[in-house]
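Everything on this sheet refers to the single structure shown next.
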2 protein chains.
Amino acid sequence: MVERKVTSVDVARRAGVSQSAVSRTFTPGASVSVATREKVLAAAQALGYRPNMLARGLITRTTGLVGVVVGDLGNPYHPILFESLASRLQDRGKRPLLVHVPPQGTADAAVFEVLQYQIDGIILVAGSFAEATARECLAIGTPVVLVGRGIGDEGAEKLVDTVSSDNAGGARLAVEALVAAGHRRIAFIAGRRDTHSNSERHSAFLQALARHGLEPAGEEEGSYSYEGGRAAAQRLLARSPLPEALFCANDLMALGALDALRAAGLDVPGEISVVGFDDIPMAAWPAYELTTLRQDVDGIVTHAVDLLEARLSDHGRTAEQVILDVTLVKRNSARL
Amino acid sequence: MVERKVTSVDVARRAGVSQSAVSRTFTPGASVSVATREKVLAAAQALGYRPNMLARGLITRTTGLVGVVVGDLGNPYHPILFESLASRLQDRGKRPLLVHVPPQGTADAAVFEVLQYQIDGIILVAGSFAEATARECLAIGTPVVLVGRGIGDEGAEKLVDTVSSDNAGGARLAVEALVAAGHRRIAFIAGRRDTHSNSERHSAFLQALARHGLEPAGEEEGSYSYEGGRAAAQRLLARSPLPEALFCANDLMALGALDALRAAGLDVPGEISVVGFDDIPMAAWPAYELTTLRQDVDGIVTHAVDLLEARLSDHGRTAEQVILDVTLVKRNSARL
DNA sequence: ATGAAAGCGCTAACAC
DNA sequence: GTGTTAGCGCTTTCAT
């Protein structure tokens, strides 16, 4: 079965028109008479013709492909964001070309690879990124938008578009609420130390505490994972006096912490409060009822795609940094 | 900043060689002398040259792109499978081109769209698929492998390669274990009725019960979601006598069921047993300790990619249907 | 409105 | 081993 793919020439021949006529009927906004268009469409239909996007892209220099860098899909927040992003891109007529980066992996090498596919742009929702890589992307006219992360090398802001949640505001919200409810000994469970989100949440946490003349009642790293959160909480429980509250840099760790607290026989929120970050679906499960800071996934995705398209239609525009509000969702894991 | 992309011609000029020499140094297994290769590489490096995969694909008729159809990333089993698949493809030098289908969506339209990108093959881990679509893919030489699903129209087996877990075997394992432990009134919480996996799990469940002269102690649909499982369990709890065990078509529903049972004040596994299917990470969380049937994600992904590659190197080979064992993971949600 | 012709950037014969 | 020459399937002038 030696199948030859059907090309515009085949269609043209069958429709009795020129090859360019075929091209025109499949090019939005080209001038073809209804008569030819009909003939072409009929022939195309009969032959099962579909334009070759590669050949088209070679000429138009736009492929509709958007590189999407993802990773750590074990953290439920990511697939949710990713799913939303994928379907939004699709709605806008773009195709996500995936790049998976392992935890702590750098995206640079993979980015160069997808660049070969002449992608129209690239959206990073995971992985880090050297400034040089960003510059190279921009140099060849490929817009980059960073979601929930900063560029590897600090000080390179204003280079690419970014959208992220107000991590600092969220941490502040958590601390204020906790303090207002009378908590004094508040500990922090950190995410991966090398992430943008963690450092923002962490330092805002520290600052907010300081504003009340408080010091953290402990800090442990939980690497953004369930197991990490659990272990971190256990370590925190070895301290005395016990913390009165735990602020976790994400929900997954908070869930792990909650389980550790329960295993230790502690009453939540009676004896200890727990606050997370993200608002993943599990946070609402009755087994946890986690109080947390909700990220506006929909808003993040919308802005990311908008930014990309804006840049696509005006390569000269200056980079924007969008920051979206987070909201405190009060459930039952914290005495507030 | 009107950036012209650097092409092989630019590199050739700078290196003082022919354009084909450049092509050859970037084509694995072509004959170039070390001398020229060096010169070319140096020039390429200096200019920041990267081969254009689109142009290459136009000629070689292979792009390295693999369409991957995903959906329902809210069920933790899917992102896990998907992440594994994406990284395995990447390791094999392929690029996942994403197609997201909404729940109950059909993949056909989207498949035709990605086909325009001259993908080398297509892997479906979500969505359904008409037989006609499959035939069309095969007709143009694009291998299709179905993961964990059958083809839409029944009776079209042997058409495409498939890999899935032994759903029937898993259901049987669950029933046998439950019955052996003395359970008699066993109810079923179904996934989406229109899925391959659910019907296999369901009918094997029924058959296994029948072999013991038993009838299901109730059946409710939970649509594979947490909320669905919760609601289904609640409905089941309205019956009397109460079921002694719940077999859930996936873990997410089982978790919802567990929470419903707890809310009703039932002791698990003292008064009622719960068994799931998948073994998602949450199943192991101390809050649930769900007994479940584990799917061999790694094996599934490996076979899927192997099948795709095998088909790629021999388009004539007959379709294979791989079925992988599942294993019963005993935790604490069932008295076994 | 339509056909002819010229490439887009690359690989693959084909000579040398 | 290397340059020259044809295209891959398409869009886009340029005439008509």
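Proteins get letters first, then strands, A, B, ... in listed order; numbering begins at 1 in each.
N52(A) is linked by a side-chain hydrogen bond (donor to acceptor under 3.5 Å, both in side chains) to nothing, counting only residues two or more places apart in sequence or in another chain. Taking E113(B) as the reference, R95(A) meet the salt bridge (charged side-chain N to carboxylate O under 4.0 Å, His left out) condition, with sequence neighbours excluded. Remark: D306(A) engages R92(A) in a salt bridge (charged side-chain N to carboxylate O under 4.0 Å, His left out) (not counting sequence neighbours). For R192(A), the salt bridge (charged side-chain N to carboxylate O under 4.0 Å, His left out) test picks out D194(A), with sequence neighbours left out. Taking the side chain to side chain contact (heavy atoms under 4.5 Å, CB included) definition, one finds that S84(B) meets it with R88(B), V297(B), D298(B), V301(B), sequence neighbours left out.
Across all strands, V17(B) comes closer than 4.0 Å only to sugar-phosphate atoms, never to a base (heavy-atom distances).
Checked by distance alone, S33(A) brings no side-chain donor or acceptor within 3.5 Å of a matching partner on the base of dT2(C). A donor and an acceptor atom sit less than 3.5 Å apart, one in the side chain of S20(A) and one in the base of dA4(C).
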List, with names and distances, any nitrogen or oxygen atoms from the protein found under 3.5 Å away from nitrogen or oxygen atoms belonging to nucleotides 8-10 of chain C.
from	atom 1	to	atom 2	distance (Å)
dC8(C)	O3'	R61(A)	NH2	2.9
dG9(C)	OP1	R61(A)	NH2	2.4
dG9(C)	N2	A55(B)	O	3.4
dC10(C)	OP1	Y49(B)	OH	2.7
dC10(C)	OP1	N52(B)	N	3.1
dC10(C)	OP2	S8(B)	N	2.5
dC10(C)	OP2	S8(B)	OG	2.8

With 3.5 Å as the limit, what N/O pairs link the protein to nucleotides 14-16 of chain C?
none

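Residue pairs meeting the side chain to side chain donor-acceptor pair (under 3.5 Å) criterion with at least one partner in residues 62-75 of chain A, sequence neighbours excluded, are T63(A)-D120(A). Residue pairs meeting the salt bridge (Lys or Arg N to Asp or Glu O under 4.0 Å) criterion with at least one partner in residues 49-71 of chain B, sequence neighbours excluded, are absent. Contacts classified as side chain to side chain donor-acceptor pair (under 3.5 Å) and involving residues 8-17 of chain B (residues at least two apart or in different chains) are given here: R4(B)-D10(B), S8(B)-Q19(B), D10(B)-R13(B).
Across the protein-nucleic acid pair, L47(A) atom CG and dG9(D) atom C1' stand 15 Å apart, rounded to whole Å.
A donor-acceptor pair shorter than 3.5 Å cannot be found between the side chains of Y49(B) and T7(B).
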Pairs under 3.5 angstrom only: tabulate donor-acceptor contacts from the side chains of residues 20-30 of chain A to other protein residues two or more places apart or in another chain.
from	atom 1	to	atom 2	distance (Å)
S20(A)	OG	S18(A)	OG	3.4
T25(A)	OG1	V22(A)	O	2.9
T27(A)	OG1	S23(A)	O	2.7

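Rounded to 10 degrees, the angle separating the terminal helix axes of the helix from dA1(C)-dT16(D) to dC16(C)-dG1(D), each built from five base pairs, is 40°.
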